Amino acid sequence: MLDLTYETPKPKVIAGAKQDWELVIGMEIHAQVASRAKLFSGASTEFGQEPNSNVAFVDAAMPGMLPVINDFCVEQAVRTGLGLKAQINLFSAFDRKNYFYPDLPQGYQISQLYHPIVGEGEVLVELSPGIARLVRIERIHLEQDAGKSIHDMDPTMSFVDLNRTGVALMEIVSRPDIRGPEEAAAYVLKLRQILRYLGTCDGNMQNGNLRADVNVSVCRPGQYEKYQASQDFSHLGTRCEIKNMNSTRFIQAAIDYEARRQIAILEDGGTIIQETRLYDPDKGETRSMRSKEEAHDYRYFPCPDLLPLEIEQTWIDDIAAAMPELPDTKKARFVTDYGMTDYDAGVLTAEVENAAFFETVARGRDGKIAANWVINELFGRLNKEGLGIADTPVSAAQLGGMLDLLASGEISGKMAKGLFEILWTEGGDPAEQAAKHGMKQVTDTGAIEAAVDEVIAANPGQVEKAMANPKLAGWFVGQVLKATGGKANPATVNQLVAQKLGL
Ligand code: ADP
Ligand code: MG
């Protein structure tokens, strides 16, 4: 059912001063697990609460407190892995990543370095119809988030909020398969879409629930193919990592800037130093945060407080059996089942709620017409008013009812637009509203015929012209529609005018 015969896009080529360069990008995406409790404590994860109100003793690293794994979070990681067609590891284990930071009371973060819960997978990133990049996933591991230091509340003091401390994150690591700024943005959006379909992460980038570390390097044409053939990283350029990006627009701008910076250094005969950089959106540039030499030695070791995580294949099978339909499959199904274009299917499946709304409208009706109305009238209007599908004043049942009136010829297309407006502002039952506002298309040929005869009889001069030049018959159609208050079925009027004028 799923047609994966996509063409692979060309990499973005950046012209340097002396020669051409290609971009190579790999991403580490931190996705907050949509769980009400933290990874190792029962404290709430609710956003925007009073600082330090969602903190269990273990989150605050009180002596003697022990972490207890939240199996709901484990399940979400497994679901995410399955959604990315990835290997699920029956054996995984937690490690301590040690570093000192004021918002990390334990002095270490519990993560999974040596044995992640999810192994290799893939994400298909469609860039334009028929053209897609297959980005390989290296791994997904579970880890704790850190707290937050607040430096801008007081001129002399910093504050620490531990509400986020210990919240479960999935770190999704890609292979360096992304080849341009637009692809990087599309990759983030595709991953976000899959996570939202799965319900494993809400994808809210503004709140930082989905954020990316973007690794960027440049190489001469041909080098990437050598890397692909051997998986030997030495064919690629040295990378820099841009930390903590939570906007696809800034991700693109940062990659663009970073590529040009690296090319300028290389063409000047210099070398790239592997380092961590930060993007400054005000200046539109990246700047060094720390170099590899200053990088932390995290002194990873297996966390002695937690047993290795061993899960059973039957449990994974149960989760797999309950997986929802994912974006690629849904989109392909919309194209075949409803006969809509690839583009329309993409629009309707962008958000799972939108797709569900459309399917309710389309059930038992013409899918193409339903798609048209949902996309052009409903989504168009929602967008204009800055509303989401959850806030739509016109329900799927109302829109469907309206389409039934249109399909049976009871109302015309023009009336339908008016009725949509009435449903939007006043609500109500479509048939009742149509009756109340006198919207009834005249399909009764007798009545239309009489109107046509009348117009013809009153305009002998026009009749003569129209008989000489059939293009002028449109004038009569317009007159009849006017005479019937726009209620006559235009197709019928057309037909009768042509017939009466002998055209
Ligand atoms: P670390 O543990 O230091 O973050 P990893 O080896 O796990 O390093 O790689 C982190 C990310 O960097 C991965 O997404 C990987 O695909 C990407 N990456 C590795 N080498 C390159 C490169 N030469 N250019 C661009 N991205 C790269
Ligand atoms: Mg990293």
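For ligands, and for the atoms within them, numbers begin at 1 and follow the listed sequence. On a predicted model such as this, the values are computed, not experimentally measured, just so you know. Start at 1 with the first residue, then count along the sequence.
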Report the part of Asn215 (side chain from C-beta onward, or backbone N, CA, C, O) that has a heavy atom under 4.0 Å from ligand 1; answer both or neither where that applies. both
Between Val24 and ligand 1, which part of the residue brings a heavy atom under 4.0 Å of the ligand: side chain, backbone, both or neither? both
Under 4.0 Å from a heavy atom of [X]: give me the atoms of ligand 1 that qualify, with their elements.
X: Val173; result: 13 (C), 14 (O)
X: Glu28; result: 4 (O), 10 (C), 11 (C)
X: Met27; result: 14 (O)
X: Leu236; result: 23 (N)
X: Pro176; result: 16 (O), 26 (N), 27 (C)
X: Gly237; result: 23 (N)
X: Phe233; result: 19 (C), 20 (N)

So that I can tick it off, tell me whether [Y] and [X] are bridged by a salt bridge, with the cut-off set at under 4.0 angstrom between side-chain N and carboxylate O.
X: Asp145; Y: Lys38; value: no
X: Glu182; Y: Lys12; value: yes
X: Arg239; Y: Glu241; value: no

Looking at [X], I'd like to know if its [atom1] atom is crowded, meaning that more than 12 non-hydrogen atoms belonging to other residues, nucleotides or ligands lie closer than 6.0 Å.
X: Tyr343; atom1: OH; answer: no
X: Arg290; atom1: CZ; answer: yes
X: Gln206; atom1: CD; answer: no
X: Ile273; atom1: CD1; answer: no

Does any non-hydrogen side-chain atom of Ile88 lie less than 4.5 Å from one of Ile311? yes
Does the N or O separation between [X] and ligand 1 drop below 3.5 Å for any pair?
X: Ile25; result: no
X: Val216; result: no
X: Thr238; result: no

Which of the listed options, Gln274, Arg136, Glu138, holds the heavy atom that is closest to atom 7 (O) of ligand 1? Glu138
Mind telling me whether Tyr338 and Phe358 have parallel, tilted or perpendicular rings, with 30° and 60° as the class edges? perpendicular
